[in-house]
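These notes concern the structure reproduced below.
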Amino acid sequence: MIYLDNAATTRVFDRAISAASEVMRERFYNPNATYESGVKARESIEHARRTIADAVGAAADELIFTSCATESNNWIFACGKKYKKGNIVITAGEHASVYEPAMQLKSRGDDVRIAPLTADGNVDENALLSLVDEETSLVSLIHVNNETGVVNDIERLVAAVKARSPRAYVHSDGVQGLLKTGMPLRDLGVDFYSASAHKLGAPKGIGLLYVKHGINISPYLSGGGQERNLRSGTQNTPYIAAFAAAVEEFGKANDRMRISALRAELCEYFVSHGCKIVGNHNNSGYIACVLVPNVKAEILQNVAHDSGVVIGKGAACSGSKRGNRVLSAMGLKQNEIESCIRLSLFADTKRDDALEAAHIIIDAARRLGSKHVG
Ligand code: PLP
């Protein structure tokens, strides 16, 4: 199988599997126990935290481990109202794990404002700033969109938001951005940043929330007081070790320039065969949203799968709600949205495989009767 659905999840690095199994075999003790074996298990966590912090450009004590980025994102909205009152601003490009919690607050009467996207897929900066005022308490801006790969300039947006509302906290969903934009977390200027390990070659079920030094957040899960009293629950020691191993492996294997050049080559190929690329400006280089005219993405995805190519369409984790909200916010019509496939690359994507997959997809589109694909 040629796997090009890395924005949905990635293959787990062998070293991440070994790191997890070693902890499960040798350091299975409760990391909060005070006897020596427990202390050693705890050391595995703290070692992993430092490794990840060094790689992402944060201090170790700014990283809180969670079960996934969905949890990290929900935390921001569940606890946001506890520490500050005021309106909330999000963008129309948010993942469901930001959008839905924000909508829940809105349905309970909170003032939640949604900044539109430009046709390029970035948040419309002027519109965003017109929604932010001195009463704004929280702004959530996706870093890299999971459907298009479009990158918001978080550093600039944070500065502009804080100039309007110094009291506002800024959160960014960095699931598709962590380690992929080359920007250290501390330089982004955000107060909170969510990330997920399974997009970086680690197993599913482990994520993190970055909380900038000096920023207070109420605990989301209360109980035994783990994770500096902020996120109770016995830590997932094996997967935390796997997360750190994956971050190291990703650092060694990843070549952003190569991936970005490969994406550009793929896009050129699709365009030369009558397709359109959605969200091609300011792209992270890891995701290509390809509009294949007059072909239903769902059918094309299945035909490609039968031919040995795994691709995505819309947002893989949104079930039946997938795809439509973000692409329609960019101005795509329903029939265009239904024709959008997503190819997403990772550190281990080989050029020959990706180009072969592109041929297979175009061939499949022709067989499905797309007159526009040449
Ligand atoms: N945010 C974005 C941008 C995503 O792409 C995803 C998953 O695809 C998530 C959040 C949710 O991450 P997790 O699977 O760790 O809950």
Side-chain angles (χ1 to χ4, degrees), residues 3-12 16 52 56 63-78 90-103 117 121-123 140-152 154 171-181 185 188 190 192-210 220-221 231 236 239-240 242-243 246-247 250 279 282-289 310-327 329-330 340 342-346:
Y3 184 67
L4 294 180
D5 198 18
N6 291 284
T9 198
T10 53
R11 183 177 283 120
V12 181
I52 298 168
V56 305
L63 305 184
I64 316 291
F65 290 114
T66 60
S67 66
C68 58
T70 297
E71 179 188 325
S72 307
N73 287 342
N74 272 263
W75 187 353
I76 294 301
F77 289 88
I90 66 166
T91 82
E94 299 303 315
H95 184 265
S97 57
V98 164
Y99 192 82
E100 295 301 331
M103 287 307 105
L117 304 185
N122 281 113
V123 60
S140 192
L141 307 164
I142 192 165
H143 193 181
V144 175
N145 184 271
N146 49 294
E147 295 176 45
T148 59
V150 170
V151 185
N152 281 317
I154 298 296
H171 164 254
S172 181
D173 174 348
V175 168
Q176 305 290 348
L178 191 79
L179 294 173
K180 292 181 180 161
T181 61
L185 278 191
L188 292 177
V190 290
F192 307 113
Y193 193 87
S194 305
S196 181
H198 74 98
K199 313 291 182 175
L200 290 166
K204 286 158 263 303
I206 186 77
L208 61 80
L209 181 67
Y210 161 86
Y220 186 28
L221 298 181
R231 199 274 183 185
N236 188 344
Y239 281 13
I240 289 172
F243 191 174
V247 160
F250 183 78
N282 304 325
N283 199 283
S284 72
Y286 290 82
I287 299 177
C289 179
V310 184
I311 54 171
K313 69 168 188 72
C317 41
S318 320
S320 57
K321 291 185 240 167
R322 66 180 54 177
N324 301 6
R325 179 171 43 77
V326 173
L327 299 181
M330 291 170 69
C340 285
R342 180 184 69 177
L343 277 62
S344 46
L345 316 180
F346 190 57

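Order of appearance sets the numbers: ligands from 1, and atoms from 1 within every ligand.
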A student checking ligand 1 against Ser196 at a 4.0 Å heavy-atom cut-off should list atoms 13 (P), 15 (O)
A student comparing His143, Lys199, Lys204, His198 should find that the heavy atom closest to atom 8 (O) of ligand 1 comes from Lys199
Q | Heavy-atom gap Gly207 to ligand 1 smaller than 4.0 Å | A | no
The reported gap from NE2 in His198 to CD1 in Ile206 (rounded to nearest 0.5 angstrom) is 11.5 Å
Within 4.0 Å of some non-hydrogen atom of Asn146, the atoms of ligand 1 are 3 (C), 5 (O)
Report yes or no: does Asp5 contribute a side-chain atom to a donor-acceptor pair with the main-chain N or O of Val310 at less than 3.5 Å? no
| message | We want to know whether Ser97 and Asn73 form a side-chain donor-acceptor pair, criterion being a heavy-atom distance below 3.5 angstrom. | response | yes
Ser97 heavy atoms within 4.0 Å reach ligand 1 at atoms 10 (C)
By ring-ring contact (aromatic ring centres under 6.0 Å, His included), His143 pairs with (sequence neighbours left out) Tyr193
The option among Asp173, Thr9, Ile287 carrying the non-hydrogen atom nearest to atom 3 (C) of ligand 1 is Asp173
Taken in chain and number order and not counting sequence neighbours, the residues that satisfy side-chain contact (heavy atoms from CB on, under 4.5 Å) with Val150 are Asn122, Thr148
Logged contact type for Val175 with ligand 1, heavy-atom cut-off 4.0 Å, is side chain
Before we go on, tell me: are the rings of Phe65 and Tyr239 under 6.0 Å apart, centre to centre? no
At under 4.0 Å between heavy atoms, what of Ala69 touches ligand 1? The answer is both
